[in-house]
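As structure tokens, the structure follows; a few thoughts come after it.
Note on naming: letters A, B, ... go to the chains in the order of the sequence lines (proteins, then strands), and numbering restarts at 1 for each one. Computed from heavy atoms alone, side chains included, the values below leave out hydrogens, waters and symmetry copies.
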There are 2 protein chains.
Amino acid sequence: MSTEEITGKLTEKGLKVTPQRMAIYEAIVKLKNHPTAENISEYIRKNHPNISVGTVYKVLDVFAENRLIQKVKTEKDVMRYDAIVENHHHIYCSDSDRIEDYFDNELNDLLETYFKKKKIPDFKVEDIKLQIIGKYIQNNETLT
Amino acid sequence: MSTEEITGKLTEKGLKVTPQRMAIYEAIVKLKNHPTAENISEYIRKNHPNISVGTVYKVLDVFAENRLIQKVKTEKDVMRYDAIVENHHHIYCSDSDRIEDYFDNELNDLLETYFKKKKIPDFKVEDIKLQIIGKYIQNNETLT
DNA sequence: TTCTCAAAGGATAATTATTATCCTTTAAAA
DNA sequence: TTTTAAAGGATAATAATTATCCTTTGAGAA
């Protein structure tokens, strides 16, 4: 993602463009596996050694409020962040902290259709997210 | 849920039956809206004023490990707990901390069928949970 | 370009939920 | 009844996050 694109996203939301925000946004995009605030801090420290941890948290909050990123729910007590805000789901590995994005428009359509038919009383559905929990299988059986 | 039933659940898992565990299990069952450890502490304090907070956390962890209860993922930094371990989903209210259970076997079948057909490469699905996010609508318009 | 100032950042302290420690108590099997 | 590993209580420690408060800066106005 280019500097201009990020600048665009920020100004679009009426947010000041600062080097800190640029660096943090870039970091979330670049870091895979839905980084924590600490992952992000560590990553940006390489090129911006003087961005404080507090700032990282503040910026992440501002971004989440403005739907530039989203928070990812986990069973652990660390928050994780996702640069992708388009409708998608998450694959949780049940024996590691790996979290992958899962895109599936066919599934989205299926769910939309389903909940259009099957209403939940007194409730207006805004969004549906799947947590797909399971295990990654290494095909290492042929190796020793 | 009766004392005998709870005792049964504990012994079934090879867990010692203690007054603390009984009280905590009862509390989770009784408290709606997926209580936090603090909600539970507060609740049991009425009848068991000397159960310490540490014990509540320890017991909740033991219960979760033994699948007597489950942890509920939220975007906040407090863990919440659910006495229901059967396959079900959660409805998250987007403007309060309300979390409701959602049971729907038709939906479960639909998802099972779908993921039987549509494999995720190198991944074995163990469980699928929906987070249904939206708003409860009060029908108070006729009232003033 | 310079000025202005609300918004943003830095450093640090404070908070909050949770976990660890360590000694005491107790459930439950012998 | 005895035994003992497991469980609980009190308290301290940890770790993630939030608040504070002063300084700096982005960006619009002059």
Using whole Å, report how far CD of B:E75 lies from C1' of C:dA17. 18 Å
NZ (A:K119) with more than 12 external heavy atoms under 6.0 Å: no
Is it the case that over 12 heavy atoms from other parts of the model lie below 6.0 angstrom from the NZ atom of B:K118? yes
Atom-pair distance (CG on A:L15; C1' on D:dT25), nearest Å: 16 Å
Do any pairs count as a ring pair (Phe, Tyr, Trp, His ring centres under 6.0 Å) and have a residue in residues 77-96 of chain A, sequence neighbours left out, and if so which ones? A:H34-A:H90, A:H88-A:H90, A:H88-A:F103
Less than 3.5 Å apart, which donor and acceptor atoms pair up between the side chains of residues 57-64 of chain B and the rest of the protein, not counting sequence neighbours?
none

Mind checking the SG-CG spacing from A:C93 to A:N33? Nearest 0.5 Å is all I need. 9.5 Å
List in numerical order all residues of residues 42-62 of chain B for which some heavy atom is under 4.0 Å away from an atom belonging to DNA chain D. B:N50, B:I51, B:S52, B:T55, B:K58, B:V59
Atom-to-atom span, CG of B:L10 to C1' of D:dG8 - whole angstrom: 15 Å
Would you mind reading off the distance between A:K76 atom NZ and D:dT14 atom C1', rounded to a whole angstrom? 16 Å
Sorted by number, residues from residues 17-33 of chain B placing a heavy atom under 4.0 Å from DNA chain D are B:T18, B:Q20, B:R21
Solution key, residues 23-32 of chain B side-chain donor-acceptor pairs under 3.5 Å, sequence neighbours excluded:
none

Note: A:I132 and B:F115 closest approach over all heavy atoms is CD1-CZ, 3.9 Å
Based on the rotation axes of five pairs at each end, what angle does the helix from C:dT1-D:dA30 to C:dA30-D:dT1 bend through, to 10°? 40°
Any carboxylate oxygen within less than 4.0 angstrom of a Lys/Arg side-chain nitrogen, looking at A:K129 and A:D127? yes
Provide, to the nearest angstrom, the distance between the CG atom belonging to B:N39 and the P atom belonging to C:dT16. 16 Å
Interatomic distance, B:K16 NZ vs D:dT4 P [rounded to whole Å]: 13 Å
Inter-residue atom distance A:D101.CG - A:I84.CD1, 0.5 Å rounding: 4.0 Å
SB check B:E126 B:K124 (cutoff 4.0 Å): no
Donor-acceptor check, side chain of A:S2 to backbone of A:E5, threshold 3.5 angstrom: yes or no? yes
First of B:K71 and A:G14 reached from the 5' end of DNA chain C, by closest nucleotide: A:G14
